[in-house]
Novice: 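One structure is given below, represented as structure tokens, and several questions about it will come after.
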Amino acid sequence: MSIAILLAEPDLKLANEIKGQFESNSLEHLILSDSKNWVSEVKDKKFSHVVLNYELEKDITDILLNKLEADHGHPKVILVISEKQKPFVKKSILENQNVCQVLSFPYTFQQVLSCIDEKKGANVTRFLSAKHLTTKVIEEIYTKGLNEKNIAFAQKISESISLMVQKDKDFHEVIKAFDDFRPAVYTHPFMVCVFSMMICKKLKWDSPRTLSAVAFGALIHDIGMTSLNEELRSKNPSEMSEEELKIYQTHPSQGMTLAGAHNQIPSAVLQIILQHHEANGKGFPGAISGAKIYPLAKVVALADRFARYVLTNNLPIFPALKKFASDRLELLQHDPEMVKALIKSFIKDEKE
Amino acid sequence: MKTGNLLIVDDEVLIQKGLKLTLRDLAAEIHTASDGLEALEVISKHTIHCIVCDINMPKMNGVQFIQKLREQNNDVPLIFYTGHGNLTLMREAAKYGAFDFLDKPNLDGLEDVVKSGLAKGLKLTESPASDSEFESEYKRLLKSLDD
């Protein structure tokens, strides 16, 4: 039986949150917020999984469990119980043969997904863990500056991100499950790194040294922003005065100076930092175009533009990608083969 | 498989020899030069598909060399293999379209980069895919996003 989930959850806020994630993941589902409508809502329906909050109707939970087995396709049940209730839940309920997992309230979509699809759940968890670690190290680099320790850590994280994208043939599904693309200062580098790795994968740039340079370059591409004052850092370039824009446009060069003081950081990464805003003659600092732009910098430039496009257009990832891919003015600034690779990285490969 | 012709430009003969040995299985021919001027002469006499070049050299350094190449409309992939440190020269190098940058004395990844460089250099001699082929593939991709 394909996946069809019944979420029996009286907490409306949590139910709506998880419903949104089900929809993003194209998971067939039905939401029930109280048991009064049980009979009419679930009549004749079969489910592969049921997430059942004990709070829904604690006195008849065992009756509901039996009904699920008898009338609704013998689904696997994920039982949700709060810490307070645990001592009072009947043993027969906890030991019901259809209960495959007991979660504590409140729970997350990722926990539900892990119970339903172990592999998918593990991939999403790995993604979120990488995001968390990246955010921490970027925050340290931006607030305390580059040092031997945080450079080494950032390099390690960038290699993990690269591996994560390379190894998972359905990585675009992980991106779909994660629809929070509001890139704050410290999460934007993570998304640029992820998108850069997805582009490299489709270009079949798989040499460890290239992937390492692109991933690390993507993580610290905006290090030059730390040389700007706080006010300018948080301003959108479209809102800057001419004077402010001139200062803002020095950040790639400033970044190369900051990073260039550390021998640990390879020349390839320095060039990515310097050139990440070059855009076929319309960028800075050099306004260079085509073959003059360092190929690895072109990848990070495209990933950076796309990540910002998602934010400024305030759209979920797929609609943002469709809009970006149809925006002629935007496309003229990038290598067409790389734009194709970006699009392909969000589509399931028929050959795979 | 050996494809394409490689040029190694470095004022240190030991490095020329070392790189020639390391990369001997990748290129059909490997030429060497000790500075940018000598390299330009080699290029005038032989078809070269990829260059591995130091930056700091006498007579004509790596940046002056790539600048000259590009002025001659020669887009041959050029890989800078150089010591870390001279940011001024690195900034200059950025203007002329280097294919890649590798730091001495590390040889990690050099073979992969040279392989890619040779492939790119050989592709430059082929006729490019037509605009209409690209457009129709692009339209197909956009449609896949709708599906």
Side-chain angles (χ1 to χ4, degrees), chain A residues 203-213 252-253 256-275 278 285-297 318-326 331 336-337 339-344 346-350, chain B residues 55 66-67 69-70 73-104 106-117 119-120 123-124 128-129 131 133-135 137-147:
Chain A
L203 289 171
K204 294 192 182 1
W205 289 5
D206 52 9
S207 93
R209 179 255 153 196
T210 297
L211 291 173
S212 165
S253 183
M256 191 194 209
T257 305
L258 286 169
H262 300 269
N263 283 341
Q264 278 167 285
I265 299 179
S267 298
V269 173
L270 300 183
Q271 290 293 341
I272 289 171
I273 294 170
L274 179 66
Q275 299 189 39
E278 294 294 356
I288 51 177
S289 57
K292 288 206 168 96
I293 306 174
Y294 180 37
L296 306 196
F318 260 62
L321 180 65
K322 275 159 56 173
K323 193 169 182 205
F324 185 87
S326 309
L331 295 177
E337 290 299 326
V339 174
K340 260 171 50 183
L342 173 67
I343 299 171
K344 280 182 186 175
F346 283 92
I347 300 169
K348 188 173 175 64
D349 194 338
E350 285 139 6
Chain B
I55 286 189
I66 193 176
Q67 182 183 7
L69 270 185
R70 301 308 185 225
N73 291 319
N74 188 334
D75 284 334
V76 64
L78 189 147
I79 300 158
F80 279 120
Y81 178 58
T82 188
H84 195 286
N86 194 327
L87 281 189
T88 309
L89 280 179
M90 288 289 282
R91 282 182 212 281
E92 274 301 298
K95 296 178 188 169
Y96 304 111
F99 183 70
D100 216 328
F101 297 82
L102 286 164
D103 297 316
K104 284 179 181 173
N106 203 343
L107 287 169
D108 274 353
L110 176 65
E111 282 186 43
D112 283 331
V113 173
V114 168
K115 233 190 265 180
S116 300
K120 176 93 196 260
K123 211 172 177 185
L124 287 175
D131 283 346
E133 276 168 12
F134 180 86
E135 284 280 345
E137 202 207 334
Y138 198 76
K139 279 186 182 138
R140 187 184 59 76
L141 277 176
L142 285 186
K143 193 176 175 304
S144 303
L145 289 178
D146 284 325
D147 294 339

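If you're wondering where the values come from, they're calculated on a predicted model, not measured in any experiment. Naming convention: chains lettered A, B, ... in sequence-line order (proteins, then strands); numbering from 1 in each chain.
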Novice: Please state whether the side chain, the backbone, both or neither of L270(A) comes within less than 4.5 Å of a heavy atom of chain B.
Specialist: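 L270(A) touches chain B through side-chain heavy atoms alone.
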Novice: Name the option with the most non-hydrogen atom pairs under 4.5 Å to chain B; the candidates are V339(A), I288(A), T257(A).
Specialist: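 Heavy-atom pairs under 4.5 Å are most numerous for T257(A).
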Novice: List the residues meeting side chain to side chain donor-acceptor pair (under 3.5 Å) with Y81(B), not counting sequence neighbours, and say none if there are none.
Specialist: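 By the side chain to side chain donor-acceptor pair (under 3.5 Å) rule, Y81(B) matches no residue at all.
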Novice: Output all residues satisfying salt bridge (charged side-chain N to carboxylate O under 4.0 Å, His left out) with K340(A), sequence neighbours left out; order by chain, then residue number.
Specialist: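 Testing K340(A) for salt bridge (charged side-chain N to carboxylate O under 4.0 Å, His left out), a comparison that skips the adjacent residues, returns E337(A), E137(B).
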Novice: A side-chain contact here means heavy atoms from C-beta on lying under 4.5 Å apart; do Y96(B) and L69(B) qualify?
Specialist: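 Side chain of Y96(B) against side chain of L69(B), heavy atoms only: no contact under 4.5 Å found.
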Novice: Which answer fits S212(A), side chain, backbone, both or neither, if we ask what part of it has an atom under 4.5 Å from a heavy atom of chain B?
Specialist: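 Contact with chain B involves no heavy atom of S212(A) at all.
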Novice: State whether K120(B) and D100(B) are salt-bridged, where the test is any N-O pair (Lys NZ or Arg NE/NH1/NH2 against Asp/Glu carboxylate O) under 4.0 Å.
Specialist: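 Not counted as a salt bridge, because no side-chain N and carboxylate O are separated by less than 4.0 Å.
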Novice: I need the residue from D112(B), D108(B), D103(B), L110(B) with the largest number of non-hydrogen atom pairs under 4.5 Å to chain A.
Specialist: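 Most pairs with chain A among the choices: D103(B).
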Novice: Does any part of the side chain of V76(B), heavy atoms only, come nearer than 4.5 Å to the side chain of L124(B), both counted from C-beta?
Specialist: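 They are not in side-chain contact.
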Novice: What residue, out of S326(A), P295(A), G290(A), A297(A), has the most heavy-atom pairs lying under 4.5 Å from chain B?
Specialist: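 Answer, by heavy-atom pair count under 4.5 Å with chain B: P295(A).
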Novice: Using non-hydrogen atoms only, which part of P285(A) is less than 4.5 Å away from chain B: side chain, backbone, both, or neither?
Specialist: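 When you check distances to chain B, no heavy atom of P285(A) falls under 4.5 Å.
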Novice: Below 4.5 Å from any heavy atom of chain A, which atoms of A94(B) appear? Answer side chain, backbone, both or neither.
Specialist: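 Both the backbone and the side chain of A94(B) come within 4.5 Å of chain A.
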Novice: Roughly how far, to the nearest 0.5 Å, is CD1 of I272(A) from OG of S267(A)?
Specialist: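 One gets 11.0 Å once the value is rounded to the nearest 0.5 Å.
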Novice: Counting only heavy atoms closer than 4.5 Å, note whether L331(A) contacts chain B via side chain, backbone, both or neither.
Specialist: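 Side chain only.
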